[in-house]
Amino acid sequence: MAKIQMKTPLVEMDGDEMTRIIWAMIKEKLILPYVDLKTEYYDLGLVSRDESDDEITKRSAEAANKYGVAVKCATITPNEARLKEYSLKRLYPSPNGTIRAIMDGTVFRVPIVVKGIEPYVPTWKKPIAIARHAYGDIYKASEAKIPDGAKVELVITDDSGEKRITVHEFKKGSGIALGMHNTEKSIRGFARSCFNFALDMNQDLWFSTKDTISKTYDGTFKAIFEELYENEYKEKFEKAGIKYFYTLIDDAVARVMRSEGGFIWALKNYDGDVMSDMVATAFGSLGMMTSVLVSPDGKYEYEAAHGTVTRHYYKHLKGEPTSTNSVATIFAWTGALRKRGELDGINELCDFADKLEKATINTIESGIMTGDLAAISKLENKQSVTTEQFLDAIKERM
């Protein structure tokens, strides 16, 4: 069979632990037999990042901006335990945070819904898409431990001079402090991406922050969304028959839990990080969530929304069988291949991505699935299989 030809390379960002093993399996079994795959490869495994002083992460993001489409494996963000385990030079920042800071934009995450797996929230009948701002906040913050007796100030310096705002005076013991930022340009790009995505999906858009407490920081997010909606999007939304809705994040959580789904929930960076995991798990599994970073100028980075599955990786190293869900990683590849096909006018590549997704879903709905899904599936004739057996079953269906 003649392989599907590509014109422009994908930027391929390899990762860590069990997801790295699965990454190679997916390519070998499900992509390379059908596609003459062209990629510009970057190894973002923790060892490679340490050897390059994390420069490879920055280069991969710059390549994504150059070529327009990237696909990324899950990666480790090291903590003190990982520092010792891998004998690292230092604690490197989140690769996702670095890539998102360079590409900017918004992360859209949507649950992959299959028959036989019912959401844990009984009222949810339709998927809830999470739109997560991908720049700034705690992911680009400066932080420090503060000694007893010290004073922490926010200092703003411009052409007119210097302004100081007291954060806290540590008169009764030591503590900690965190300084974070965002930019109006990035917030506007985030808002536009959310409004445009809602119009593309023909779904209502919800946005929530805590502007009653953070009147300036969160209040700026709220004000920019309202301004753009009133001036640029209100008429388009009304014509499409969809709504834009703002509420406080605590109220939004309550409303989401009572809703039937079928809308887009826009959130700041950290809020989106937390709530996307909640939504994914409530719909069935972290392994059943698509994730794509869309930059304001139309660059795309597809990834799995979950971690590196450390526990399964150590079982794999011992030669023990694992049953690791590879669906989100498969959909990262199909999303990137489809977008590359769309941008380059290769219909066969788009069709291949569609068929691979259909084969994956049909495999699960036929009763063949990994252990995490078998534990919650309501199908009668279900079979829990190993990581490799699941991929082989998809290949057979392809």
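Because the structure is a prediction, the values reported are computed rather than measured.
- Other residues, nucleotides and ligands contribute at most 12 non-hydrogen atoms within 6.0 Å of the CG atom of N381.
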* To do: Assess whether side-chain contact (heavy atoms from CB on, under 4.5 Å) is satisfied between V294 and V292, documenting all intermediate values.
  => CA-CA 6 Å; V294 184; V292 56; 4.1 Å; yes

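- The distance between the ring centers of F170 and H168 falls below 6.0 angstrom.
- A distance of 11.5 Å separates OG1 in T106 from CD1 in I264, rounded to the nearest 0.5 Å.
- Salt-bridge check for E85 with R82: passed, with a basic side-chain N closer than 4.0 Å to an acidic carboxylate O.
- Panel note: side chain T123, backbone S259; a donor-acceptor pair is recorded below 3.5 Å.
- Between K382 and E380 no salt bridge is recorded (no basic side-chain N to carboxylate O distance below 4.0 Å).
- Geometrically, R59 does not engage Y41 in a cation-pi contact defined by less than 6.0 Å to the ring centre and at most 45° from the axis.
- Counted by atom type alone, N269 and R132 present one or more donor-acceptor pairs between their side chains at under 3.5 Å.
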* Derivation of the side-chain contact (heavy atoms from CB on, under 4.5 Å) call for D16 and Y313 -> CA-CA 9 Å; D16 288 298; Y313 178 61; over 6 Å; no

* To do: Evaluate the criterion side-chain contact (heavy atoms from CB on, under 4.5 Å) for residue pair E303 and V71; output intermediate values, then yes/no.
  => CA-CA 6 Å; E303 63 184 11; V71 58; over 6 Å; no

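- Between E12 and K72, none of the side-chain N atoms (NZ, or NE/NH1/NH2) sits under 4.0 Å from a carboxylate O, so this pair counts as no salt bridge.
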* Residues R340, E342; criterion salt bridge (charged side-chain N to carboxylate O under 4.0 Å, His left out); working and verdict -> CA-CA 5 Å; R340 187 76 274 164; E342 290 173 1; over 6 Å; no

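- In the model, S186 has a side-chain atom that pairs as donor or acceptor with a side-chain atom of D104 under 3.5 Å.
- Remark: E143 CD is loosely packed, at most 12 non-hydrogen atoms of other residues, nucleotides or ligands lying under 6.0 Å away.
- Using a distance-only test at 3.5 Å, with no hydrogens or angles considered, no donor-acceptor pair links the side chain of E118 to the main chain of G116.
- The pair D54-K58 fails the salt-bridge criterion, with no side-chain N (NZ, NE, NH1 or NH2) lying under 4.0 Å from an Asp/Glu carboxylate O.
- Atoms CG and CE, from L267 and M275 in turn, are 7.0 Å apart once rounded to the nearest 0.5 Å.
- Remark: the backbone N or O of T212 is paired with a side-chain donor or acceptor of K215 at under 3.5 angstrom.
- For the atom pair L91 CG and L83 CG, the distance stands at 5.0 Å (nearest 0.5 Å).
- The aromatic ring centres of H181 and Y135 sit less than 6.0 Å apart.
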* Asked: How far apart are the C-alpha atoms of D158 and K163, what are their side-chain angles, what is the distance that settles it, and do they pass the salt bridge (charged side-chain N to carboxylate O under 4.0 Å, His left out) test?
  -> CA-CA 9 Å; D158 60 17; K163 180 181 179 182; over 6 Å; no

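- Without hydrogens or angle criteria, D137 side chain to Y270 main chain gives no donor-acceptor distance under 3.5 Å.
- Under a 4.0 Å N-O distance rule, the pair R338/E357 qualifies as a salt bridge.
- Follow the hydrophobic side-chain contacts under 4.5 Å out from L32 and you reach M25 in the same cluster.
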* **Y302/W333 under ring pair (Phe, Tyr, Trp, His ring centres under 6.0 Å): CA gap, chis, key distance, verdict** => CA-CA 7 Å; Y302 294 81; W333 274 104; over 10 Å; no

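- F390 is not listed as a side-chain neighbour of T324, based on a closest heavy-atom distance of 4.5 Å or more.
- No side-chain heavy atom of L205 sits less than 4.5 Å from a side-chain heavy atom of F263.
- Using modelled atom types, one side-chain atom of S323 and one backbone atom of G371 make a donor-acceptor pair closer than 3.5 Å.
- Between the side chains of D344 and T8, at least one donor-acceptor pair of N or O atoms lies under 3.5 Å.
- Atom CD1 of residue I76 and atom CZ of residue R20 lie 10.0 Å apart, to the nearest 0.5 angstrom.
- Separation of the F207 and Y244 ring centroids does not fall under the 6.0 Å cut-off.
- A donor-acceptor pair under 3.5 Å links the side-chain atoms of S48 to the main chain of D43, judged by distance alone.
- The environment of CD in E320 is crowded: more than 12 heavy-atom neighbours from other residues, nucleotides or ligands sit within 6.0 Å.
- Here CG of L293 is found 11.0 Å from CD1 of I102. Values are rounded to the nearest 0.5 Å.
- A donor-acceptor pair under 3.5 Å is absent between the side-chain atoms of S208 and the main chain of A252, judged by distance alone.
- A cation-pi arrangement is absent between K234 and F237, since the terminal nitrogen or guanidinium carbon is not both under 6.0 Å from the aromatic centre and inside a 45° cone about the axis.
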* For I187 and R192, what are the C-alpha separation, side-chain angles and deciding distance, and is it a side-chain contact (heavy atoms from CB on, under 4.5 Å)? -> CA-CA 9 Å; I187 298 168; R192 283 199 172 92; over 6 Å; no

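- T209 and Y217 share no side-chain donor-acceptor pair at under 3.5 Å.
- In this structure, OG1 on T75 lies 6.5 Å from CG on L44, to the nearest 0.5 angstrom.
- No hydrogens or angles considered: a donor-acceptor pair under 3.5 Å links the side chains of Y67 and E40.
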* Given Y139 and H133, is the side-chain hydrogen bond (donor to acceptor under 3.5 Å, both in side chains) satisfied, shown in steps? -> CA-CA 11 Å; Y139 301 88; H133 190 205; over 6 Å; no

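- Between the side chains of T322 and T387, a donor-acceptor pair is found at a separation under 3.5 Å.
- For R109 (side chain) and I128 (main-chain N/O), no donor-acceptor pair under 3.5 Å exists by modelled atom type.
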* Using the salt bridge (charged side-chain N to carboxylate O under 4.0 Å, His left out) rule, take E55 and R49 through it: C-alpha gap first, then chi angles, then the decisive distance, then the call. => CA-CA 7 Å; E55 285 300 312; R49 280 181 275 147; over 6 Å; no

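- Judged by distance alone, the side chains of N96 and S94 never bring a donor and an acceptor atom under 3.5 Å apart.
- The shortest distance between side-chain heavy atoms of E227 and R188 falls below 4.5 Å.
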* To do: Kindly indicate, with the supporting measurements, whether the criterion salt bridge (charged side-chain N to carboxylate O under 4.0 Å, His left out) is fulfilled by E17 and R311.
  => CA-CA 9 Å; E17 299 190 320; R311 183 171 57 87; over 6 Å; no

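- A salt bridge links E162 with R164; the closest basic N to acidic carboxylate O contact falls under 4.0 Å.
- Taking a cutoff of 4.0 Å between a charged side-chain nitrogen and a carboxylate oxygen, D211 and K222 qualify as a salt bridge.
- Surrounding NZ of K89 are more than 12 heavy atoms belonging to other residues, nucleotides or ligands, all under 6.0 Å away.
- A donor-acceptor distance shorter than 3.5 angstrom exists from the side chain of W124 to the backbone of V256, with no hydrogens or angles considered.
- Counting non-hydrogen atoms of neighbouring residues, nucleotides and ligands closer than 6.0 angstrom, the NZ atom of K243 reaches no more than 12 such neighbours.
- The main-chain N or O of E260 is never found under 3.5 Å from a side-chain atom of K125 such that the two would form a donor-acceptor pair.
- Looking at K358 and D354, no side-chain N of the basic residue comes within less than 4.0 Å of a carboxylate O on the acidic one, giving no salt bridge.
- Between F225 and F190, the ring planes lie perpendicular to each other; the angle is over 60°, past the 30° to 60° tilted range.
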